[in-house]
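Input: a single structure, listed below in structure tokens.
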Amino acid sequence: MTAESPFKLTYATMFNPPETLHQRFESALSQAKATLGKEYAMLIDGKDRFAAEKFEDRTPIDTDVVLGIFQKGTAQDALDAVAAAKKAFPAWSHTPWQERVALMRKAAALIDERIFEIGAAMALEVGKNRMESLGDVAETADLIRYACDQMEANNGFVKEMGRDPLEGFLSTNVSVLRPYGVWVVISPFNFPAALTGGPLGAALVAGNTVVFKPATDTSWVPRLLAECLRDAGLPDGAYNFVTGPGSSIGQALIDAPDVAGITFTGSFDVGMGIYRKYAMGNWVRPIILELGGKNPAIVSRNADLDTAATGIVRSAFGLQGQKCSACSRIFVEAPVYKDLLDRVVTLTNKLTIGDPTDRAITFGPVINKSGYRDYQTFSAELAAAGEVVTGGKILTEGALSKGYFCAPTVVTDLPLDQRLWKYEMFLPITCVTPVSDLEEAMKISNDVAYGLTAGFYGAEEEAEWFFDKIEAGVSYVNRPQGASTGAWPGFQPFGGWKGSGASGKNAGGPYYLQLYMREQSRTVVRKLK
Ligand code: NAP
Ligand code: MG
């Protein structure tokens, strides 16, 4: 990852990083802290754009601390950004793909170069621990490079087809994939780098121009990404960064008639609302939706219980349960239920909770006041309906009182018809139940509207059964790094089935870049003399 060390940072290797990584993170963190409270503009047509109204971005670690001041963009800013992207499209789409790839590789290299700066901002802004923050940034660069590699491996998606026979004529047929036009990217708070940079990277490599709007809670990290695109030398208007509320500027982007395609990553309800509204356009336009999850882990009586508990706790409580891939349902074969539960509770109680920029801390705050309130409401509901074995309380001792800290929570004895078994809470809460056999576990696992990720722990002979039956876009067997979390581009393509995703093709995989292009078949017929 760096010149001095061959260490490759991924979500699987982040548990044991070299010492230099910590030192460099710490120095970047001090630098970030020295510039807190700065104002950041939107970037439209290559220029900083300010709005009349602003909003403060505060850290969930300590709500007294203002990280930056951001622009509350308006519907007009959205339309201007779309117009700038439309104006830039002819030149960008006709730039030879090799040049686009070269520029995007330069952007990826700048993201790598600035990994500590962006990672420190991320830890402060999201409340994500330092290794996960650095992982999110490294993933972003890898997602962009993966799109570049795919473009190259497919030779720009120009494919010669068969020659249809016609007496006295020679016919040449070619299939070409071409970009659509202006592509909008709307991203969620939890992976503000990867889920902004991944989709916009693919869209740009494919030859589209983009407008991107991050979550209001996390506008800083995407601004730093926009600067990487600018500094890499992307042409003005090819990338446009806007900020402000989803309900106003976000909606204006969805409604803009000149938008040719959208990638939305976020909650099921918001995504489905966007999907329906977007369908009111004059014709059918592509929309890639990456939505929520309610991801199960199934533990067989043949499982290695230490591995299972390690993977489950990492996936249930990594980023405080606020991953779309978080493990929120655990089904355990009755003979090993108690042993597994004991291990899960023991490991949960060992999590170090506090300021996630600190190297000793793995578990930080939840993102905002609404998540903090939801946690308290859900905890009360779960305590009444089942048993809270550990957690269930907000944490307010000492410095924790200034942020949105919630204890990691394990719930048992929750009747299977209780509504929260099927509801994505998106908080550090996971529910565990015994099952009589694996078939029962599979039936309950699949009986939800979601189908994002899933994990299985058991004998290797059981793996094929699990893969075949589970309704999920990402599936893992016997993985200690995470039961349901921790995908990496080029290794585990990431996307959801059913209510978790619309395209049926996964990001960071071989079929993703094509979603950003439309096919043109080109036939030329020459009369033979
Ligand atoms: P969210 O509330 O749905 O917001 C996502 C984005 O949509 C934000 O940028 C938001 O802006 C914007 N938005 C809201 N209303 C809009 C509208 N009417 N028109 C256009 N944009 C609008 O999600 P979140 O709380 O940030 O993220 C958590 C959710 O994302 C979870 O459900 C999680 O499972 C899902 N997620 C899915 C994946 C995946 O790959 N499948 C990955 C990560 C997260 P504001 O912030 O300004 O409201
Ligand atoms: Mg904030």
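Just so it is clear, the model here is predicted, and its values are computed rather than measured. Read the numbers this way: they start at 1 and go in the same order the structure lists the ligands and their atoms.
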Give me the residue, atom name and distance of the protein heavy atom closest to atom 15 (N) of ligand 1.
Val270 CG1, 3.5 Å
I need the single residue from Tyr146, Trp488, Tyr11 that forms a side chain to side chain donor-acceptor pair (under 3.5 Å) with Glu139. Which is it?
Tyr11
Gly246-ligand 1 polar pair, N/O distance under 3.5 Å:
yes
For the residue pair Phe378 and Tyr423, is the inter-centroid distance of their aromatic rings smaller than 6.0 Å?
yes
Among the heavy atoms of Phe191, does any lie under 4.0 Å from an atom of ligand 1?
no
Using a 4.0 Å heavy-atom cut-off, say whether Glu424 meets ligand 1 through its side chain, its backbone, both or neither.
side chain
Do me a favour and list the nearest non-hydrogen protein atom to atom 41 (N) of ligand 1 with residue, atom name and distance?
Leu291 O, 2.6 Å
Assess the residue pair Lys8 and Asp142 against the criterion (salt bridge (charged side-chain N to carboxylate O under 4.0 Å, His left out)); give the C-alpha distance rounded to whole Å, side-chain angles, the decisive distance to 0.1 Å, and a yes or no.
CA-CA 11 Å; Lys8 161 89 183 152; Asp142 275 3; 2.4 Å; yes
Out of the candidates Asn190, Thr453, Leu319, only one should pair with Ser325 under the side chain to side chain contact (heavy atoms under 4.5 Å, CB included) rule; please name it.
Thr453
Test of understanding: given a 4.0 Å heavy-atom threshold, classify the contact between Thr216 and ligand 1 as side chain, backbone, both, or neither.
both
May I ask whether atom 4 (O) of ligand 1 is less than 4.0 Å from at least one protein heavy atom?
no
Which of the numbered atoms in ligand 1 are below 4.0 angstrom from a heavy atom of Gly244?
47 (O)
Could you tell me whether the side chain of Gln71 reaches within less than 4.5 Å of the side chain of Glu53, counting heavy atoms only?
no
Distance under 6.0 Å and angle within 45° of ring axis: Arg130 vs Phe116:
no
Please work out whether any backbone atom (N, CA, C, O) or any side-chain heavy atom from C-beta onward of Ile274 is under 4.0 Å from ligand 1, and answer side chain, backbone, both or neither.
side chain
As a quick check of understanding, evaluate ring-ring contact (aromatic ring centres under 6.0 Å, His included) for Phe241 and Trp220, giving each step before the final call.
CA-CA 11 Å; Phe241 164 72; Trp220 188 14; over 10 Å; no
Heavy-atom pairs closer than 4.0 Å: do any link ligand 1 to the side chain of Leu253, the backbone, both, or neither?
neither
Would Lys294 and Asp447 pass as an ion pair if we require N to O under 4.0 Å?
no
Protein heavy-atom partner closest to atom 20 (C) of ligand 1 - residue, atom, separation in Å:
Gly250 C, 3.3 Å
Aromatic ring proximity Trp283/Tyr278, centre distance under 6.0 Å
no
In the protein, which heavy atom is nearest to atom 28 (C) of ligand 1, and how far is it?
Phe426 CE2, 3.4 Å
In a table with atom names and distances, give each donor-acceptor pair under 3.5 Å that connects a side chain of residues 498-510 to protein atoms at least two apart or in another chain.
{"unit_1": "Lys498", "atom_1": "NZ", "unit_2": "Asn446", "atom_2": "O", "d": "2.9"}
{"unit_1": "Lys498", "atom_1": "NZ", "unit_2": "Val448", "atom_2": "O", "d": "3.1"}
{"unit_1": "Lys498", "atom_1": "NZ", "unit_2": "Glu471", "atom_2": "OE1", "d": "2.6"}
{"unit_1": "Ser500", "atom_1": "OG", "unit_2": "Gly292", "atom_2": "O", "d": "2.7"}
{"unit_1": "Ser500", "atom_1": "OG", "unit_2": "Gly451", "atom_2": "N", "d": "2.9"}
{"unit_1": "Ser500", "atom_1": "OG", "unit_2": "Leu452", "atom_2": "N", "d": "3.3"}
{"unit_1": "Ser503", "atom_1": "OG", "unit_2": "Lys505", "atom_2": "N", "d": "3.1"}
{"unit_1": "Ser503", "atom_1": "OG", "unit_2": "Lys505", "atom_2": "O", "d": "3.0"}
{"unit_1": "Asn506", "atom_1": "ND2", "unit_2": "Gly473", "atom_2": "O", "d": "3.1"}
{"unit_1": "Asn506", "atom_1": "ND2", "unit_2": "Pro493", "atom_2": "O", "d": "3.1"}

Determine, for Arg58 against Asp217, whether the closest basic-nitrogen to carboxylate-oxygen distance falls under 4.0 angstrom.
no
So is Gly496 in contact with ligand 1, going by heavy-atom distances below 4.0 Å?
no
Under 4.0 Å, counting heavy atoms only: does Gly495 come that close to any atom of ligand 1?
no
Straight-line distance of Phe212 CZ to Ile186 CD1, nearest 0.5 Å
12.5 Å
Check: of Gly293, Pro188, Gly501, min heavy-atom distance to atom 27 (O) of ligand 1 comes from Pro188
Find out whether Met104 and Met151 are in side-chain contact, i.e. whether some heavy atom of one side chain is under 4.5 Å from a heavy atom of the other.
no
Test item, Pro214 contacting ligand 1 (heavy atom, 4.0 angstrom):
yes
Out of Ser187, Gly266, Pro199, Ser370, the nearest non-hydrogen contact to atom 6 (C) of ligand 1 is supplied by Ser187
Counting each atom of ligand 1 from 1 as listed, which ones have a heavy atom of Leu195 under 4.0 Å away?
42 (C), 43 (C)
Atom 12 (C) of ligand 1: the protein heavy-atom neighbour that sits closest, reported with distance to 0.1 Å:
Ile186 CG2, 3.7 Å
Considering heavy atoms of the protein only, find what lies nearest to atom 7 (O) of ligand 1 and give residue, atom and distance to 0.1 Å.
Phe264 CE1, 3.2 Å
Contacting atoms of ligand 1, where contact means under 4.0 angstrom from a heavy atom of Thr265:
5 (C), 37 (C), 38 (C), 39 (C), 40 (O), 42 (C), 43 (C)
In terms of atom number and element, which parts of ligand 1 are under 4.0 angstrom from non-hydrogen atoms of Lys213?
9 (O), 11 (O), 45 (P), 47 (O)
Atoms of ligand 1 less than 4.0 Å from Cys324 heavy atoms?
33 (C), 34 (O), 36 (N), 37 (C), 38 (C), 39 (C), 40 (O), 42 (C), 43 (C), 44 (C)
Please report whether ligand 1 has a polar contact with Phe189, defined as an N or O pair separated by less than 3.5 Å (distance criterion only).
yes
Heavy atoms only: which of Pro222, Gly371, Ser267 is nearest to atom 2 (O) of ligand 1?
Ser267
Looking at Asp80 and Arg49, is there a salt bridge between them, counting it only when a charged N and a carboxylate O are closer than 4.0 Å?
yes
Are Tyr40 and Phe70 an aromatic pair, judged by ring center distance below 6.0 Å?
yes
With only distance considered, is Asn190 within less than 3.5 Å of ligand 1 through an N or O on each side?
no
Check: residues 191-209 side-chain donor-acceptor pairs under 3.5 Å, at least two apart:
{"unit_1": "Thr196", "atom_1": "OG1", "unit_2": "Ser187", "atom_2": "OG", "d": "2.8"}
{"unit_1": "Thr196", "atom_1": "OG1", "unit_2": "Pro192", "atom_2": "O", "d": "2.6"}
{"unit_1": "Asn208", "atom_1": "OD1", "unit_2": "Tyr180", "atom_2": "N", "d": "2.7"}
{"unit_1": "Asn208", "atom_1": "OD1", "unit_2": "Gly181", "atom_2": "N", "d": "3.0"}
{"unit_1": "Asn208", "atom_1": "ND2", "unit_2": "Ala203", "atom_2": "O", "d": "3.1"}
{"unit_1": "Asn208", "atom_1": "ND2", "unit_2": "Tyr516", "atom_2": "O", "d": "3.0"}
{"unit_1": "Thr209", "atom_1": "OG1", "unit_2": "Ala85", "atom_2": "O", "d": "2.7"}

Within-cut-off N or O pair, Gln251 and ligand 1, under 3.5 Å
yes
Examine Pro245 against ligand 1 and note whether any of their N/O atoms are separated by less than 3.5 Å.
no
